[in-house]
Each structure stands twice: as structure tokens, then as C-alpha cells.
A.B. asks: 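Please see the structure below; I have some questions.
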Amino acid sequence: MLRTHTCGELKKENEGQIVSLCGWVSTTRLLGKSLAFIDLRDRYGITQINFNLLGKFSENDSAEKKQSGWESNLNLINKLGREFVIQVKGEVVERKAKNKNIPTGEIEVEIHSADAITILNESKTPPFTIEDESDGGDELRMKYRYLDLRRTPIKNNLLQRHKVGQAVREYFDKNGFADIETPFLIKSTPEGARDFVVPSRLNPGEFYALPQSPQTFKQLLMVSGFDRYYQVVRCFRDEDLRADRQPEFTQIDCEMSFVEQEDVLHMFEGMVKHVFKKVRNLDLPKFPRMTYADAMKYYGVDKPDTRFEMKIVDLTPNPSPKGEGSENLVRGKGFKVYDDAELIGGICAKDCAEYTRKQLDELTEWVKRPQIGAGGLGYIKYNADGTLKSSFDKFFDEASLKKIAEKFSATTGDLILILAGAETKTRKALGELRLEMGNRLGLRDKNKFECLWVVDFPLLEWNEEEQRWFAMHHPFTSPKKEDMDWMYNGYTEKNSAHAPKANAYDIVINGVEIGGGSIRIHNKELQQQMFKVLGLTKEETEQKFSFILNAFEYGAPPHGGIAFGFDRLCSMVIANEDYIRDYIAFPKNNSGRDVMLDSPSPIDEKQKKELGLK
RNA sequence: GGACUGGUAGUUCAGCUGGUUAGAAUGCUUCCCUGUCACGGAAGAGGUCGCGGGUUCGAAUCCCGUCCAGUCCGCCA
């Protein structure tokens with residue numbers, strides 16, 4: 001070993017020891033001609049080297065010897081640049097001036113001669129500073145990712161990610177789950193995301209697909225009798241990227257046999273709790289359940305951020321057959337927008353009645369952006385003096401406004417924001433507005449973790465454009481028992497009004513979808529019927545899915561499972577954020593490029609020919 | 001496929017209602033400094049203002065196009 005210790009472990013107890021350290025020169029500080037400090041950094045920390053440039057000589061040593069020793073010391077310290085890799089041998093001594101900010105701050109390693117330092121490798125000046133707060137932009141940091149990974153925050157993210165992974169494996173092992181690998185070179189299937197595809201040299205003109213997830217394999221493993229399976233596995237989807245989406249990402253893929261939905265929720269809630277306990281020492285309370293319908297109704301999304309309330313209030317008269325909200329508070333006042341709107345809804349922002357015209361105009365512009373797409377923004381200010389002021393005063397008297405305010409349980413000082421328009425779009429816009437207000441009011445607390453299960457997802461959605469049904473989760477999801485009849489007789493209806501519900505569930509933390517799963521179909525006839533409902537012909541079904549249909553003929557057990565986005569789970573557990581690139585060692589940029597490798601790249605003609613591509 | 005924001009020194013940014021020699025900080029180089037730890041002080045080098053075209057006496061600045069990056073929408077079973 002070139003070192004006896006790491007740069008993070010020397011403490012006062014080590015005083016007097018002769019040690020050898022290896023690491024990267026973080027900074028050098030030269031103070032005059034006789035004293036220099038070197039911050040030596042490795043994965044474990046930083047240790048200060050105290051370099052006495054005058055050297056250590058006995059009285060008998062000649063002046064020339066002292067002079068040349070000093071000169072070579074000075075030469076060396078001037079030569080040492082940032083990120084040089086060096087080995088240092090010296091004595092651990094207590095510091096005269098201690099640094100309370102670092103764990104090794106009580107000691108330093110003292111050296112007197114250039115001979116104590118071996119340059120193991122030189123370094124060019126790095127293009128950005130290797131510090132906690134780097135001056136480097138994203139693109140540059142990605143290009144020199146190996147340098148970025150030297151920075152403490154990113155390094156810690158990866159080490160914490162390792163801990164999350166260990167906690168996951170520990171939990172599964174303890175609960176009898178077997179880690180079984182599944183292939184990467186598989187078959188392209190319709191439905192779902194776009195496949196990444198790999199040409200086959202041995203079978204010219206034919207292609208493998210990379211798995212979007214090991215879905216069918218894990219089901220086959222259930223048929224094989226491995227009743228508890230998991231895998232931390234790479235998945236591939238050729239879709240556009242986002243801050244929380246990479247073309248290759250890691251799933252914690254899980255499946256269990258002989259279970260019902262409740263068993264699955266219980267088991268994997270346990271896993272998430274275990275991870276939070278192990279990594280952050282947090283004890284999470286039991287995760288609440290919310291139906292998909294309620295999530296959409298009160299939060300405008302299927303992944304509500306429940307760290308704050310501000311639920312959506314529906315003002316549409318007779319919005320549902322049950323007659324909820326049937327009281328007419330908005331129609332027939334002469335305000336055409338509300339008379340015509342399919343949905344009128346709003347949120348109540350606590351203590352925002354003081355919002356200025358400028359702030360409201362800004363919010364209006366915000367909701368009118370094409371990404372949100374609202375036509376406009378209505379508001380009611382419940383002033384501190386009890387009066388009410390709205391953007392539609394022309395049409396509403398104060399009593400009417402008061403009634404609306406009551407519906408929101410608003411009190412003086414509150415601001416009610418109202419959107420109106422087509423139902424789906426408006427509901428979504430309200431959800432976005434709610435999150436935006438949550439941001440502005442600082443309600444999305446970084447120290448808070450609110451987990452919940454969203455359950456009872458619709459099994460299928462009618463797609464108007466393609467005039468066919470789409471599986472909301474995936475085509476292997478089983479319908480709820482009470483909707484079984486629909487699968488055979490109801491599906492000819494071409495709208496989502498009576499669409500069946502599924503035994504499908506998502507786990508959501510702070511408004512981020514961390515994982516999702518379902519109880520699967522394990523019956524061949526039902527699976528065939530599902531493909532039929534989805535518009536696949538018999539031939540397509542046979543060609544694409546015969547393997548799983550065949551398997552179902554040989555005693556498939558009832559089974560269900562879940563898959564977690566491991567990258568998202570990590571970014572959430574480690575930093576409570578929704579940006580995964582800093583938790584992946586070598587991520588890709590917005591256009592799916594690896595800017596370090598400059599990949600993807602063209603291949604040469606010979607290679608293409610060999611693969612049957614030309 | 002679309003919306004928005006950005007692209008100026010090695011780096012992060014300012015300058016952008018057109019007009020001297022395009023600035024700051026940081027990094028880099030040299031010198032000074034014996035307890036620093038974001039060390040301090042002095043000096044210096046460093047620029048195809050993303051690219052192409054246009055308007056103009058004159059463009060980093062205005063216009064058009066284009067490329068790249070980021071965030072979002074669509075998309076992501």
C-alpha cells in the first residue's frame with residue numbers, strides 16, 4: 001500500500017505517528033519563504049500538510065546543504081499544482097491553529113523536505129474548481145464528469161446511493177426475496193414507450209430491443225415458482241428526457257406470488273420505511289391511501305404533493321352524478337366565461353389577500369403560458385377588513401363572493417384563485433397553480449417527507465386520436481373483480497366514462513412518483529381478452545406475446561408487484577429533490593447525449609454492413 | 001414536434017434604450033508574505049461577444065436564420 005491512512009481519518013490520537021497519505025492536491029497556500037500548507041484530498045476527507053520549507057538540519061550541516069535543501073523545497077511547492085496526485089510521508093502533529101470545520105482539523109502532517117513528497121502523477125489545471133460550490137456549468141461538469149465526481153456533494157450523492165441500494169437489498173434478503181437477473185437483449189413489443197433497438201449480426205435485418213422493464217420476465221419467474229423476486233436493474237426507454245428522466249435508468253423491480261394488493265402495499269411500504277430509517281434515520285408514519293379519483297379531484301394530478309393542503313375546490317354546479325358541489329355559485333351571473341366553462345375551480349392561498357396588482361398580473365401570465373394553457377385567472381381577495389374584492393366584481397355582488405369564499409373555507413386575509421375551462425385541462429392547470437403557490441409560499445418543505453399510496457387507477461383510457469383503448473399502467477394489469485364483465489361486454493363503448501378500475505397503485509413522495517405496480521393477470525383467457533380490448537389482432541398477440549400466454553397455460557400463480565424508480569428514490573431520500581442527474585455517475589444530457597464520450601456517434605460502413613444495415 | 005430562458009476571458013457572470021480601448025469576480029503566471037485553511041498583498045497574461053446573413057456611417061447590443069445547452073408541454077404501458 002502506498003498509504004497507511006486515508007485523508008479523512010487522522011485525529012489527535014494519531015499524534016506522533018509517522019504516516020503516509022495519498023491524494024489529490026486541493027490547494028497550496030504559501031506563506032512567505034519558509035512555510036507552506038497543502039490540502040491533500042481523497043474520497044474520505046482533507047488533511048493539511050504542513051511543509052516547513054527551511055528544512056530540518058543539524059548544526060553540523062553546511063550552509064550550502066541548507067541552501068540547496070531550501071531551494072529544492074521551494075521548487076517543489078511551486079511545482080505542485082491543483083489536482084496533482086501525491087504521496088506524502090510525515091509525522092502527525094497537533095496544529096497550532098486548529099480548524100473546527102473539518103474532522104481532521106486538530107492535526108496536520110508535518111514535513112521538512114521535498115523528499116517527503118512523491119509526485120505520483122501531474123495534472124493539468126482543471127477547467128472548473130473542484131470545490132463544494134463549483135464554478136462549473138452543467139455541460140462542462142458533464143464533459144469532465146470524472147472531475148465533477150471528485151467534488152464532495154456529488155461524491156456523497158453516489159456514496160449515499162450505494163447506501164440506499166444496500167438498504168434495499170438488505171430488506172429484500174431479510175424478507176426472502178431472490179435477486180435474479182433477466183436478459184437485456186429481448187424483444188420489441190408494442191404498447192408503452194419507444195424501444196431502444198439493437199441490430200442482430202447473426203440474424204440480418206432483425207433486431208433485439210432493450211427492456212423498458214423486466215415486466216414479463218418477472219411474471220415468468222412467478223410461473224416458475226420463485227414467489228418472491230427482486231432486481232436492481234437497468235431499464236431503457238427511448239423517450240424525451242427531463243430533469244427526472246434518463247434514457248437508461250435503474251429500477252428496483254419486484255414481484256410476489258399468492259398475494260393481494262394489500263400484501264404488496266404492506267411489503268413495499270416496509271421497504272421504503274427501511275430505506276429512510278437506514279439512510280436518514282427517519283421513522284415514517286403509515287402511508288395514507290388516496291384514490292386516483294380523489295387525487296385528480298383535490299390535487300389535479302395523480303401524484304399529489306401532500307406536504308401542504310390548499311386542495312382544489314370545485315365550483316361547477318352538478319359536477320358529478322352524486323350531486324356534490326351542486327350549489328350554483330357561479331353560473332347565471334352574466335359572466336360568460338363561467339357560464340360556459342365545463343369546470344370552474346379554484347384554490348385558497350392563505351394570507352395572500354395583500355397580493356398586489358403586479359403579483360396577480362404575473363400569476364395570470366404564468367397560468368396563461370402555453371404549458372399551463374389557462375385562459376385567464378380570476379381572484380377573490382378576502383380583505384383584512386372583511387370586504388371582498390374580485391376580478392369579476394362587475395358580475396358578482398359581495399354576498400355572492402362571500403358564499404364562494406365560504407365554500408373555500410376562506411378567512412380574512414386569504415386569496416382565492418379561480419380557473420375555468422375544459423375539464424381535464426383546467427383540473428391539471430389548477431394542480432400546477434397549486435404547486436406554484438406552494439412554491440411561492442414556501443410550503444414545499446425540504447425537511448418534510450409525505451408518502452402516500454395512490455390506488456384504484458383506471459385500467460384503461462380511451463384515446464380519441466387513435467380511437468382505441470390504452471392501458472394506463474401496462475397490459476398485464478388485472479381489472480378489479482367488479483369490472484370483469486366490462487372487459488368482455490363493456491369495452492365497445494368508446495369513452496372512458498365507465499372504464500374499469502385496476503388493482504394498480506403508485507407510491508408518491510412529496511409529489512414525485514417513486515414507484516408503481518399492480519396485481520397482474522394470471523389467466524390466459526383474460527390476458528387474451530385484454531390484448532383484444534387494446535386492439536391487437538390475434539396474429540399480433542400471437543407474434544408478440546405467445547411466450548407469456550403459453551406460460552399461463554402451465555399453472556401461473558396469482559401474482560403482483562411493483563417497480564421503483566431507483567434514481568428518483570435516491571434523489572428523494574438523499575436530498576428531497578426531483579433532479580436525478582447528480583445521483584447518477586455518468587448521466588446523459590437533455591438530448592440523450594453523453595457529452596464526455598460524445599455518444600451516440602456514427603459507426604463505420606463496415607460495421608453497418610456486418611449488421612445488415614446497408 | 002412545441003413554448004420559454006440562456007450562449008461574452010479557462011470558469012461564473014455583468015454589459016444589450018447601437019457610439020471611446022468589451023468589464024468584474026474567480027482561476028492561471030510572476031513577485032512579496034512564518035499559522036494559513038474561501039489565506040492576504042502587488043503586477044501581468046488571457047476575448048472569433050456560439051455560428052451565418054441582414055439593417056446601419058457604426059452591431060456584443062437591433063432583425064432574420066441556424067446550432068448548442070437548460071427548464072417545461074407533448075411523449076414517458
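Atoms considered below: every heavy atom in the structure, side chains included; atoms not considered: hydrogens, waters and symmetry mates. We name chains A, B, ... by the order of the sequence lines, and we start the count at 1 in each one.
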A.B. asks: Select base, sugar-phosphate, or nothing to describe what A/Pro127 touches, counting heavy atoms under 4.0 Å on all strands.
C.D. replies: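 Sugar-phosphate contact only - A/Pro127 comes under 4.0 Å of backbone atoms but never of a base.
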
A.B. asks: Test side chain to side chain contact (heavy atoms under 4.5 Å, CB included) on A/Phe564 and A/Ile514 and set out the steps.
C.D. replies: CA-CA 6 Å; A/Phe564 290 86; A/Ile514 293 296; 3.7 Å; yes

A.B. asks: Partner lookup for B/A25, please. Criteria are Watson-Crick or G-U wobble with both distances under 3.5 angstrom; report none if nothing qualifies.
C.D. replies: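 WC or wobble partner is B/U11.
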
A.B. asks: Only pairs with both distances under 3.5 Å count, Watson-Crick or wobble alike; so what is the partner of B/U56 in this structure?
C.D. replies: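 Its partner is none (no Watson-Crick or G-U wobble pair with both distances under 3.5 Å).
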
A.B. asks: So if I take every side-chain heavy atom of A/Leu140 and compare against B/U11, B/G70, B/C73, which nucleotide ends up nearest?
C.D. replies: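 Ranking B/U11, B/G70, B/C73 by closest atom to the A/Leu140 side chain puts B/U11 first.
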
A.B. asks: Does the base of B/C76 carry an N or O that pairs as donor and acceptor with the side chain of A/Arg245 under 3.5 Å?
C.D. replies: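 Yes, a donor-acceptor pair under 3.5 Å.
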
A.B. asks: If B/G70 has a Watson-Crick or G-U wobble mate with both distances under 3.5 Å, name it; if not, just say none.
C.D. replies: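 Pairing partner, where one exists within any strand: B/C4.
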
A.B. asks: Hey, does A/Ile372 reach any base, or is it just sugar-phosphate, or nothing, if we go heavy atoms under 4.0 Å?
C.D. replies: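 Since no nucleic acid heavy atom lies under 4.0 Å of A/Ile372, the category is nothing.
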
A.B. asks: At 4.0 Å (heavy atoms only), tell me whether A/Phe236 reaches a base, stays on the sugar-phosphate, or touches nothing.
C.D. replies: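 Since no nucleic acid heavy atom lies under 4.0 Å of A/Phe236, the category is nothing.
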
A.B. asks: Let's test your reading of the model: under 3.5 Å, does the base of B/G74 pair with the side chain of A/Arg242 as donor and acceptor?
C.D. replies: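 Looking at the base of B/G74, it does pair with a donor or acceptor on the side chain of A/Arg242 (distance under 3.5 Å).
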
A.B. asks: For A/Asn589 and for A/Asn101, locate the closest nucleotide of RNA chain B by heavy-atom distance; then report the residue assigned to the nucleotide nearer the 5' terminus.
C.D. replies: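 It is A/Asn101 whose nearest nucleotide is closer to the 5' end.
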
A.B. asks: Contact class for A/Lys428 vs. all strands (heavy atom < 4.0 Å): base, sugar-phosphate, or nothing?
C.D. replies: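 Sugar-phosphate, backbone atoms only, no base.
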
A.B. asks: May I ask you to say what A/Gly137 touches in the nucleic acid, namely base, sugar-phosphate or nothing, with a heavy-atom cut-off under 4.0 Å?
C.D. replies: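 If one applies the 4.0 Å heavy-atom cut-off, A/Gly137 turns out to touch the sugar-phosphate alone, with no base involved.
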
A.B. asks: Under 4.0 Å, heavy atoms only, any strand: does A/Ser591 hit a base, just the sugar-phosphate, or nothing?
C.D. replies: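 A/Ser591: backbone/sugar contact only, no base atoms under 4.0 Å.
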
A.B. asks: Is any side-chain N or O of A/Glu139 under 3.5 Å from a base N or O of B/G7, one able to act as donor and the other as acceptor?
C.D. replies: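 Not at all, since no donor on one side and acceptor on the other fall under 3.5 Å apart.
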
A.B. asks: What about A/Gln48, does its side chain sit under 3.5 Å from the base of B/U36 through a donor-acceptor pair?
C.D. replies: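 Under the 3.5 Å cut-off, the side chain and the base do form a donor-acceptor pair.
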
A.B. asks: Report yes or no: is there a donor-acceptor pair, N or O only, under 3.5 Å between the side chain of A/Gln371 and the base of B/A3?
C.D. replies: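 Answer is yes: a donor-acceptor pair is held.
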
A.B. asks: Taking only Lys NZ, Arg NE, NH1 and NH2, and the carboxylate oxygens of Asp or Glu, determine whether A/Glu365 and A/Arg369 approach each other closer than 4.0 Å.
C.D. replies: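 Result for this pair is no, no salt bridge flagged.
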
A.B. asks: Counting any heavy atom closer than 4.0 Å, what does A/Arg141 reach on the DNA or RNA strands: base, sugar-phosphate only, or nothing?
C.D. replies: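 The answer is nothing, as A/Arg141 stays clear of every strand by at least 4.0 Å.
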
A.B. asks: Name the nucleic acid region contacted by A/Phe128, choosing base, sugar-phosphate or nothing; use a 4.0 angstrom heavy-atom cut-off, strictly under.
C.D. replies: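 Touches nothing.
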
A.B. asks: Measure distances between side-chain N and O atoms of A/Arg95 and base N and O atoms of B/C37, and say whether any donor-acceptor pair falls under 3.5 Å.
C.D. replies: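 Yes, a donor-acceptor pair under 3.5 Å.
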
A.B. asks: With sugar-phosphate meaning primed atoms plus P, OP1 and OP2, does A/Asn50 contact a base, only sugar-phosphate, or nothing at under 4.0 Å between heavy atoms?
C.D. replies: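 Result for A/Asn50 = base.
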
